[in-house]
Number of protein chains: 2
Amino acid sequence: MEAHATEVCCQPVTASLLAEDEAEELAGLLKVLADPARLRLLSLVATAEAGEACACDLVEPLGRSQPTVSHHLSLLVEAGLLSREKRGRWAWYRVVPERLSTIQDALAPGAAFSSSPRP
Amino acid sequence: MEAHATEVCCQPVTASLLAEDEAEELAGLLKVLADPARLRLLSLVATAEAGEACACDLVEPLGRSQPTVSHHLSLLVEAGLLSREKRGRWAWYRVVPERLSTIQDALAPGAAFSSSPRP
DNA sequence: ACGGTTCATCGACGTTCATCGATGTCTCGG
DNA sequence: CCGAGACATCGATGAACGTCGATGAACCGT
């Protein structure tokens, strides 16, 4: 019931009537974003040098314990919002911009009349 | 600590380092969206005839009890995602597209280098 | 003025979730 | 080969949340 990265995820919310399944799918993805700690992690990684950040450099600026940071990072990776690459004994993270665009598209406002321009 | 509609809400997450306050603010707004019932309510109102929907027509298609629907609608209004207008004994709801755009802007990907083009 | 309809509020219950300390696993340097 | 550092996993705990039935408040037709 989680927001796996493989999902393409939904048409725009305002474009057509969302089914319960699609709604749960999109809600699962949004739920991962809807947390201060995870938003700041996303922001920390995005603004990090070279666009990637080591987990060891995220614990202190986030002000949470190491297990908590690890937990949030796992959720972000599972949702496809971050990618993890383990190099040596460090784990490096990057943001996945396409995944953010996915959410943006799902939230496109006033899309109710933009489906078929006219035959 | 809620997502009041008056908030302008944050710079893009990927553009600059999010402070804890801003993160909580944006998270509060996203938390309202991150629920299947509320997403479907938003979708129901958006795709309704004339762009507005009566609360009485939302209970049955949502498949939840009337108090639950009322509760979710209140949260959406408080977050500024819906507007409520009481006419007679019915309550009519409309989506607020600007509020959706706010979230879209906050989630703009790859905005790390788009702040100041060059002086 | 009364009864029915619409909607919000209240109180309660079960689930989900963020957080932590303790522990386990892996990798490297000496 | 052993110890230290980095990270994930486990188990527990307290708070937040979605849901419902019951109740309350407002607004009409008759």
Side-chain angles (χ1 to χ4, degrees), chain A residues 1-3 18 20 23-42 44-45 48 52-79 81-94, chain B residues 1-3 18 20 23-42 44-45 48 52-79 81-94:
Chain A
M1 68 198 67
E2 292 309 316
L18 228 60
E20 184 73 25
E24 282 185 17
E25 208 173 291
L26 180 54
L29 181 53
L30 286 169
K31 218 172 286 242
V32 177
L33 267 181
D35 180 88
R38 290 192 285 269
L39 283 176
R40 294 195 69 212
L41 280 176
L42 216 58
L44 278 165
V45 173
E52 65 178 4
C54 169
C56 57
D57 294 328
L58 299 174
V59 174
E60 184 261 332
L62 197 68
R64 265 104 171 170
S65 73
Q66 178 268 325
T68 298
V69 173
S70 180
H71 173 237
H72 286 311
L73 287 171
S74 291
L75 289 185
L76 286 167
V77 168
E78 187 190 12
L81 291 163
L82 285 183
S83 68
R84 165 163 42 202
E85 184 190 356
K86 194 144 194 187
R87 291 204 293 267
R89 47 185 172 186
W90 295 283
W92 294 87
Y93 293 87
R94 313 187 72 98
Chain B
M1 69 199 67
E2 293 307 314
L18 228 60
E20 185 73 25
E24 281 185 18
E25 208 173 292
L26 180 54
L29 181 53
L30 286 169
K31 217 173 286 243
V32 176
L33 267 181
D35 180 87
R38 290 192 285 269
L39 282 176
R40 292 196 69 211
L41 280 176
L42 217 57
L44 278 165
V45 173
E52 65 178 2
C54 169
C56 59
D57 293 327
L58 298 174
V59 174
E60 183 260 332
L62 197 68
R64 265 101 169 171
S65 74
Q66 178 269 324
T68 299
V69 173
S70 181
H71 174 235
H72 287 310
L73 286 172
S74 292
L75 290 184
L76 286 167
V77 168
E78 186 189 14
L81 292 162
L82 286 183
S83 68
R84 164 165 39 202
E85 184 190 356
K86 194 145 193 186
R87 291 204 293 267
R89 47 184 172 186
W90 295 282
W92 294 87
Y93 292 88
R94 313 187 72 99

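Lettering follows sequence order; numbering is per chain, from 1.
Residue A:Asp35 holds its CG atom at 5.5 Å from NZ of B:Lys31, rounded to the nearest 0.5 Å. In this structure, NE2 in A:His72 is found 5.5 Å from CZ in A:Arg38, a value given to the nearest 0.5 Å. From A:Glu25, atom CD reaches atom CG of A:Leu18 across 9.5 Å, with rounding to the nearest 0.5 Å.
For CD of B:Glu85, the number of neighbouring non-hydrogen atoms (other residues, nucleotides, ligands) closer than 6.0 Å is greater than 12.
Along DNA chain D, the nucleotide nearest to A:Trp90 and the one nearest to A:Lys31 differ in position, and the one closer to the 5' end is contacted by A:Trp90. Nearest-nucleotide positions on DNA chain C for A:Gly63 and A:Gly88 put A:Gly63 closer to the 5' end. Nearest-nucleotide positions on DNA chain C for A:Val69 and A:Arg87 put A:Val69 closer to the 5' end.
Distance B:Arg38 CZ to D:dT19 P: 8 Å, rounded to the nearest Å. Atom CG of A:Leu76 and atom C1' of D:dC7 are 16 Å apart (whole Å). A:Arg84 places its CZ atom 7 Å from the P atom of D:dT9, with the value rounded to the nearest Å. Separating the CG atom of B:Leu58 from the P atom of C:dT6 is a distance of 13 Å, rounded to the nearest angstrom. C:dT5 atom P lies 15 Å from atom CG of B:Asp57, rounded to whole Å. Distance, B:Arg40 CZ to D:dG18 P: 16 Å, rounded to whole Å. Regarding A:Asp35, its CG atom lies at a distance of 18 Å from the P atom of C:dT16, rounded to whole Å. Here C:dT25 presents its P atom at 13 Å from NZ of A:Lys86, a figure rounded to the nearest Å.
Picking from D:dC7, D:dG18, C:dC20 the nucleotide with the shortest atom distance to the side chain of A:Thr68 gives C:dC20. Here C:dC28 is the nucleotide among D:dT9, C:dC28, C:dC7 with the atom lying nearest to any side-chain atom of A:Arg89. Checking C:dA22, C:dA18, D:dA22 against every side-chain atom of A:Leu75, the shortest atom distance belongs to C:dA18. Considering only the side chain of A:His72, C:dT19 comes nearest among D:dA8, C:dT9, C:dT19. Closest to the side chain of B:Ser70, from the set C:dC7, C:dT19, D:dG21, is C:dC7. Distances from the side chain of A:His71 to the nucleotides D:dG18, C:dT9, C:dA18 place C:dA18 closest. In this structure, of C:dA8, C:dT19, C:dC7, it is C:dC7 that holds the atom nearest to the side chain of B:Ala55.
Ion pairing of B:Arg64 with A:Glu20 is present here, as a side-chain N (NZ or NE/NH1/NH2) and a carboxylate O approach within less than 4.0 Å.
The base of D:dA6 does not come close enough to the side chain of A:Gln66 for any donor and acceptor atom to sit less than 3.5 Å apart.
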